[in-house]
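Note that the numbering runs from 1 along the sequence shown for the chain. These numbers come from a predicted model, not from an experiment.
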Amino acid sequence: MTTADTIFALSSGAPPAAIAIMRISGPSAFDILQGLAGRTPPPRRASVCTLRSLDTQEILDQALVLVFPGPDTATGEDLVELHLHGGRAVVRALEHAIANFSGARRAEAGEFTRRAFTNGRMDLNEAEGLADLLAAETEWQRRSATKMFGGAFSAAIDAYRQDVLRLSALTEAELDFSDEGDVESQNNIVIKYGCAELRQKIVQLLASPPAEKLKDGLRIVLAGPPNSGKSTLLNALVGREAAIVSDLAGTTRDMIEVPVAVEGVALLFTDTAGLRDDSADVIERIGIDRSHAAMQQADILLWLGPEGAGPIHPSLIEISAKNDVAESPLKSTDAISVSAQTGAGIAELLQIVAARAKTLLPPPDQFAINARQRAFLADAATALAACGESEDWLIIAENLRQARLALDALTGRAHTEDLLDTVFGKFCVGK
């Protein structure tokens, strides 16, 4: 893979469709267009062109063509978009015709975005934000990804980096000119306070809910004794028959997971085996063990057992299910009363769960940081903490350098090919 190549790929959805958009990026993009259309239209103005095979001059399609001269383009290179008729045969014919040009090849997954990064059109955080935006399925995910793609996180990291550079300059002054009178004697105080203040900002950022909760969905676990109405309630909450319902104890033996979106938030409802201590069934016992594990991993636990008998959990919601059954032993004035049979209380319960879930997610008007970003932020925080633990200016200078390197790795100023392969491998071909 080399940027000397000119790459092409279909960047719209798979045909057939009303329109198919073919992107061509690289040093030969305009030459290829000249060969296909016999001319290069004016930049950034839609033009209708007849596209022909270079060898036979056979008409392949009549397309809307857009020309974007680099470097002010999405990839930082000369870029051409062919808006074709969206039939499969048309797309195949154009792909074959473009591939016949010298230096042209099909793009790999994420290669257009990778070239945008290489050419300084975006950094790694913005690229990851774009990947999240393309994969967003809920409104909460979309808004968070838009913040990351828009550069909000990168702007914060750049501000941190400028602080580190300023502190490094003061440290170098202490190292080189501490014996001269024109250097302020308060530098050591400024440096120690600056490192502590910057570290606190990073620690606060690390304390925010992780991006993975947005992507994977919060885990909502239904737990309780057998025949407490867990499976029936699950079906009512997700709006379909996802779990088998039976009056027989032990019907649910393994976890049943159903992803849904409620009020723009991704949730993963999980039904579990009924909890009891007297089961002699080996398979059921395995299911009960898995139920206990799921309860520990739950972001929100819906408890359908007797009031006060549920496990200790930071986000426990007690449910009084079967409120249509007068003699239900699970009735309680404190628990949320619902009936999956009649639908009573289901909408209210979903609202309560969604409201609780939103408190566990990054605010929708802020970016959410992922595991890669957290790791580098943690490295920067550790290096800044070490600055406050030393009186040796050489050690302080080295720790500030390590903090800067960690921040540079966040944006991609410092990177490895393996890291780039991981980030850009998330994209589809054509993006």
Side-chain angles (χ1 to χ4, degrees), residues 125 128-150 152-153 204-224 229-243 255-272 293-304 310-311 313-319 321 335-338 340 343-374 426:
N125 301 311
E128 287 180 311
L130 176 58
D132 291 341
L133 185 60
L134 295 172
E137 296 182 351
T138 70
E139 182 65 11
W140 211 276
Q141 292 169 347
R142 182 196 66 78
R143 294 170 70 180
S144 177
T146 299
K147 284 290 182 181
M148 183 65 71
F149 175 49
F153 179 65
Q204 289 177 353
L205 189 54
L206 286 169
S208 62
E212 285 74 19
K213 294 295 184 183
L214 274 176
K215 298 178 185 178
D216 303 334
L218 291 171
R219 185 176 290 274
I220 316 299
V221 174
L222 288 75
K230 298 184 300 298
S231 298
T232 305
L233 179 58
L234 174 75
N235 292 341
L237 289 171
V238 302
R240 64 183 179 89
E241 297 296 317
M255 293 186 296
I256 298 172
E257 298 181 339
V258 186
V260 295
V262 179
E263 295 186 15
V265 176
L267 303 175
L268 184 66
F269 282 99
T270 304
D271 187 18
T272 59
M295 290 161 61
Q296 293 177 354
Q297 297 170 1
D299 295 298
I300 299 174
L301 182 61
L302 304 185
W303 176 252
L304 281 75
H313 191 278
S315 191
L316 178 72
I317 299 176
E318 291 189 309
I319 308 294
I336 299 171
S337 181
V338 301
I346 297 299
E348 292 78 3
L349 176 57
L350 281 172
Q351 290 178 349
I352 292 171
V353 170
R356 184 76 62 88
K358 290 174 182 178
T359 67
L360 304 176
L361 293 174
D365 59 344
Q366 295 181 15
F367 50 77
I369 55 177
N370 59 33
R372 180 192 74 86
Q373 294 160 341
R374 286 179 175 277
K426 300 175 184 178

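- Val353 is not listed as a side-chain neighbour of Val262, based on a closest heavy-atom distance of 4.5 Å or more.
- For Glu139, the salt bridge (Lys or Arg N to Asp or Glu O under 4.0 Å) criterion is met by Arg142, not counting sequence neighbours.
- With Leu301 as the fixed residue, the side-chain contact (heavy atoms from CB on, under 4.5 Å) test singles out one of Ile317, Ile220, Val221: Val221.
- Remark: Phe367 engages Phe153 in a ring-ring contact (aromatic ring centres under 6.0 Å, His included) (not counting sequence neighbours).
- The shortest distance between side-chain heavy atoms of Val258 and Leu267 does not fall below 4.5 Å.
- Annotation: side-chain contact (heavy atoms from CB on, under 4.5 Å) contacts of Thr138 (sequence neighbours excluded): Trp140, Gln141, Ala261, Ala266.
- Here the CG atom belonging to Asp132 is positioned 9.0 Å from the CG atom belonging to Leu214, to the nearest 0.5 angstrom.
- With sequence neighbours left out, the side-chain hydrogen bond (donor to acceptor under 3.5 Å, both in side chains) criterion links Arg374 to no other residue.
- For the atom pair Asp299 CG and Leu218 CG, the distance stands at 4.5 Å (nearest 0.5 Å).
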Please assess Gln373 against Asn370 for the test side chain to side chain contact (heavy atoms under 4.5 Å, CB included), listing each intermediate value before the final yes or no. CA-CA 5 Å; Gln373 294 160 341; Asn370 59 33; 3.2 Å; yes
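- The minimum heavy-atom distance between Pro362 and Ala368, with the atom names listed, is CG-CB, 3.5 Å.
- Put simply, NE2 on His313 and CE on Met295 are 8.5 Å apart, with the number rounded to the nearest 0.5 Å.
- Atom-to-atom distance recorded for Leu237:CG and Thr232:OG1 is 11.0 Å, nearest 0.5 angstrom.
- Val338 and Gly345 make their closest contact through CG1-O, 3.5 Å (heavy atoms, listed as atom of the first residue, atom of the second, distance).
- Taking the side-chain hydrogen bond (donor to acceptor under 3.5 Å, both in side chains) definition, one finds that Ser208 meets it with nothing, sequence neighbours left out.
- Note that NZ of Lys230 is 10.5 Å distant from CD1 of Ile256, once rounded to the nearest 0.5 Å.
- Sequence neighbours left out, the pairs with a member in residues 258-270 that pass side-chain hydrogen bond (donor to acceptor under 3.5 Å, both in side chains) are Arg219-Thr270, Glu263-Lys358.
- Judged by distance alone, the side chain of Glu212 and the main-chain N or O of Ala371 form a donor-acceptor pair under 3.5 Å.
- The distance from atom CZ of Phe269 to atom CD1 of Ile300, rounded to the nearest 0.5 Å, is 8.0 Å.
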